[in-house]
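Side chains included, hydrogens not; waters and symmetry mates left out as well; all remaining heavy atoms used.
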Amino acid sequence: MKRYFIEKDIRSIFRIVFVMFLATFFSCSKDKDTSTESGKTVVKINMGGTNFGTDVVKKGNTQQSGRQTAHLIIPLTDKFDIVATLRPENAASTNGSIISRKEGILAATPVLTPLPIGTKYSIAAYNNAGAYVTHQNYTYSAGQVPELSLAAGDYQFIVVASGNNTLPTINFNQALSNINFDVQNADMDFMYFKQTMTVQSGQTNELNVVLKHLFTQVIMTLNTEAIGAVGSIGQATITPNYSVVSVSLSDGSLSYPPTSTASSKNLVFANSTGEVLVSNPVFIFPNGTSTGSITIANLQIGDITKPLTLSNLPLLDGVKYNLEFVIQAAGINIGNEIWSGGNLVYDPEDNRYGFTASDNDYGNYWFAGYTLPKLLDGTNQGPITAINGVAGDPCALVAPAGTWRLPTEAEATQLIDRTGPNGSDNPHNINAYDPARYVDTFDGGTSATNLGMFFGIQGNPGATRHDYLFCVYAGAYHNENTPGPTIGHEGNYLLSGTSGGYRELHLTGAAGDVGYGINIGQADANTAYQIRCVKQ
C-alpha cells in the first residue's frame, strides 16, 4: 500500500512537470510569433571591399567618362623621347592582347581591394522617404559581419568609410536629403556605398557592400631603362588640388563651393634613384579638370639634367590614375637606317601602338601582314582576321602615323653587311677580323636581363648598352599556342620581302659568341614573329 502511494505521488509530480513544460513551450512560441508579426528581422552587412569607379556623380558640372587615356611624346634629348601615358585603372580592354613589358597584363576590370583591418566605418538606414531610422559605427576586423535589427519595409542603406580612419563629422539623425558635409583633405580617402533594399519579415536579409572611393588617386611611374638609372629627382607636383569639396550623403555626389581654391600637391617617390621609380599614391580634389598638369622640377640621368612637365591631363573625380613616364630611344642609327628603340607592342587599353620601354624587353608577336598581335591565351594558333586585324603594316600605326614601317629584306642585308668584318659600322674595338655583332645578356651578367645580339660593337658595351641596337632573343610562335624552344634562345624578326611577301631575320648564338649566327630566310604564314621597326 505504501508503495502504491509513492508511485502515485511520482506520477502526479510527473504530470505537473509536463504541464509546466507545455505552458513554457507555448509561452515561448507565442513570444516568437509576436516578434515575427512585428516585422522585426535581421539585416546582415557583408563588407566586400573597395574599388575605384569611372562614374562619380558631380553636381553643377557634367563629368565625362573616366575611361579616357592621355598620351604625349616629350623630347628629352636628340636621342631620347619621353612617352607619357595617363591611364585610368579601370579603362576597358579592346583586344585582350598581352603587353610584353615587365608590368605584365594591364587591368581591364575594376580592382576590388579588401577593406583594411582597423578601418572605421558607419552604417546608416533611412526609410523610403529618407527619414532617419538608425546608424551604427564600427571598426573593421577580419570576417566581421555587422547586423541591424529592423522592421519589415523599404530602406535606403548608406555605408561610409575613410582610408585614413578619420571620418568627417556627420549628423546622421536627420532627413537624408539634408545631410551635406565638407572635406578639406583628400587624403581622408572618403568611401561611399548606397543601396535601396526591401527588408522582408521573418528571414535574414543580406546587404553586400562594395565601397567606392570618391576622391581621385594618382600614382606615377618613371621608367628610364632605355637610358640608365636616375641619379636624382627633384620635387614632383600635380595640379590642381582644390582646398575643399562638399559631399552629399544622399547620393555620394561631389560639389565644389566658391571658397574652394586650386593649388598643387606633392608626389613623393619611395626611391629617388634607379631605373624604375614609383611614387606613393596621392589623393587630390581635381574638380573634373581637362587641364591638369604634373611637373618634375629636375631629373638627372647621367649627364642629362632637365625639368619635365606634362600638361592638359584629364583628371576626373573618383578615378584612380596610373601615370607612366617611359624614356625610350627616339631611334638608333645603324646600318644606314634608324631603327626603333624597342620591339613593337600594341596596347589594347586604348588601341595604341608603340615600342617596349627597353630593347631588352619582349614585344608582341605578329603574324605577317596583320595589324593586331597574336593572342597568347590559347585561342589564336594561326592568323584570324577577327582577332589579328585587317591587312597592313602595324609599324605604320605607331603615332605619329606613317613615321615608322616594317624593315625590308634589303635593309636587313645592309645591316648585316655594314656590321660585318669589313663593314662601315664596325669599330674593330676588339678584333679586326670579327663582325661588330655580339651575343650576350643585355647587362652582360647573369641577372634577369634577356639574351640577344648587339649590333655595332665587338663585345658587351656595358654602361653604354642603351646606345646600341640590341635585338632580344624572344623567339617566335611557330604555328603553336605554347612557347616553343626558340623563345629565349633565338631571335626571329619579321621583314618585308624584296620580291614581295615576307621574310625572317634569324639570329642565333650563346652568350659570349661573336655574332656570326645571322641569316635571312623565308617567313611562315602561321608563325608569329617579333617586329623591330625602321623610320619611314
Enquirer: Do the side chain of D377 and the main chain of T379 share a donor and acceptor less than 3.5 angstrom apart?
Expert: yes

Enquirer: Got a sec, which residues hit side-chain hydrogen bond (donor to acceptor under 3.5 Å, both in side chains) with D425, two or more places apart in sequence or on another chain?
Expert: R418

Enquirer: Would you indicate whether the side-chain heavy atoms of P286 and D317 approach each other to under 4.5 Å?
Expert: yes

Enquirer: Taking the side chain as everything from C-beta on, heavy atoms only, tell me whether V439 gets closer than 4.5 Å to Y473.
Expert: yes

Enquirer: Does CG in N422 sit with more than 12 non-hydrogen atoms of other residues, nucleotides or ligands closer than 6.0 Å?
Expert: no

Enquirer: Going from CD1 on I74 to OG1 on T309, what distance comes out if it is rounded to the nearest 0.5 angstrom?
Expert: 7.5 Å

Enquirer: Heavy atoms only: give me the nearest Y529-A523 pair and the separation to one decimal.
Expert: OH-CA, 3.3 Å

Enquirer: Over all heavy atoms of both residues, which pair between A357 and V326 is shortest? Give the atoms and the distance, please.
Expert: CB-CG1, 3.4 Å

Enquirer: Mind jotting down which residue pairs meet the disulfide bond (SG atoms under 2.5 Å apart) criterion with at least one end in residues 400-504? Sequence neighbours excluded, please.
Expert: none

Enquirer: Checking side-chain contact (heavy atoms from CB on, under 4.5 Å) between K374 and each of N364, N481, T527, which is the one that passes?
Expert: N481

Enquirer: Taking atom types as modelled, find out whether D189 and N164 have a side-chain donor-acceptor pair closer than 3.5 angstrom.
Expert: no

Enquirer: Are H213 and T113 close enough, and set up right, to give a side chain to side chain contact (heavy atoms under 4.5 Å, CB included), and what steps lead you there?
Expert: CA-CA 11 Å; H213 300 266; T113 303; 5.9 Å; no

Enquirer: Residues in salt bridge (Lys or Arg N to Asp or Glu O under 4.0 Å) with K79, at least two apart?
Expert: none

Enquirer: Just how far is it from atom CG of N526 to atom CZ of F367, taken to the nearest 0.5 Å?
Expert: 7.0 Å

Enquirer: Could you list the residues that satisfy salt bridge (Lys or Arg N to Asp or Glu O under 4.0 Å) with R437, not counting sequence neighbours?
Expert: none

Enquirer: Could you check whether any side-chain N or O of N426 sits under 3.5 Å from a backbone N or O of H428, counting only pairs where one atom can act as donor and the other as acceptor?
Expert: yes

Enquirer: Kindly confirm or rule out a cation-pi arrangement of K535 over W404, judged by NZ or CZ under 6.0 Å from the six-membered ring centre and within 45° of its axis?
Expert: yes

Enquirer: Roughly how far, to the nearest 0.5 Å, is CZ of F269 from CG of N280?
Expert: 9.5 Å

Enquirer: Output side-chain donor-acceptor pairs under 3.5 Å for residues 233-242, partner residues at least two apart or in another chain, one line each.
Expert:
| residue | atom | partner | partner atom | Å |
| --- | --- | --- | --- | --- |
| Q235 | NE2 | L267 | O | 3.4 |
| N241 | OD1 | F285 | N | 2.9 |

Enquirer: Decide whether Y353 and D347 meet the rule of one side-chain donor and one side-chain acceptor closer than 3.5 Å.
Expert: no

Enquirer: Would you check if the side chain of T77 reaches a backbone N or O of F80 as a donor-acceptor pair within less than 3.5 Å?
Expert: yes

Enquirer: With sequence neighbours left out, write down each residue that passes disulfide (SG to SG under 2.5 Å) with C533, or none if nothing qualifies.
Expert: C395

Enquirer: Once you round to the nearest 0.5 Å, how far does CG of N271 lie from OG of S279?
Expert: 10.5 Å

Enquirer: State, yes or no, whether a side-chain contact exists between I387 and L372 at a heavy-atom distance under 4.5 Å.
Expert: no

Enquirer: Can you measure from CD1 (I332) to NE2 (H466) and round to the nearest 0.5 angstrom?
Expert: 10.5 Å

Enquirer: With side chains defined as the heavy atoms from C-beta onward, is the minimum distance between K320 and N51 less than 4.5 Å?
Expert: no

Enquirer: Scan the side chains in residues 457-465 for donor-acceptor partners under 3.5 Å anywhere in the protein, sequence neighbours excluded, and list what turns up.
Expert:
| residue | atom | partner | partner atom | Å |
| --- | --- | --- | --- | --- |
| Q458 | OE1 | N429 | N | 3.3 |
| Q458 | OE1 | I430 | N | 2.8 |
| Q458 | OE1 | N431 | N | 2.7 |
| Q458 | NE2 | N431 | O | 2.7 |
| Q458 | NE2 | D434 | O | 2.7 |
| N460 | OD1 | G462 | N | 2.8 |
| N460 | ND2 | D440 | OD2 | 3.2 |
| N460 | ND2 | T441 | O | 3.1 |
| T464 | OG1 | P461 | O | 3.0 |
| R465 | NH1 | G462 | O | 2.9 |

Enquirer: Return the set of residues passing salt bridge (Lys or Arg N to Asp or Glu O under 4.0 Å) with D513 (not counting sequence neighbours), or none when no residue passes.
Expert: none

Enquirer: Could you check if a side-chain atom of V245 sits within less than 4.5 angstrom of a side-chain atom of L214, using non-hydrogen atoms only?
Expert: no

Enquirer: Got a sec, which pairs hit ring-ring contact (aromatic ring centres under 6.0 Å, His included) with one end in residues 475-521, sequence neighbours left out?
Expert: Y365-Y477

Enquirer: To the nearest 0.5 Å, how far apart are CZ in F355 and CG in L344?
Expert: 6.0 Å

Enquirer: Report yes or no: does D359 contribute a side-chain atom to a donor-acceptor pair with the main-chain N or O of D361 at less than 3.5 Å?
Expert: no

Enquirer: Under the ring-ring contact (aromatic ring centres under 6.0 Å, His included) rule, collect the residues that match up with F470, sequence neighbours excluded.
Expert: F442, F454

Enquirer: For E411, check salt bridge (Lys or Arg N to Asp or Glu O under 4.0 Å) against everything at least two apart and list the hits.
Expert: R405

Enquirer: Got L76 and K306 here, is their nearest side-chain heavy-atom distance under 4.5 Å?
Expert: yes

Enquirer: Could you list the residues that satisfy side-chain contact (heavy atoms from CB on, under 4.5 Å) with D417, not counting sequence neighbours?
Expert: T413

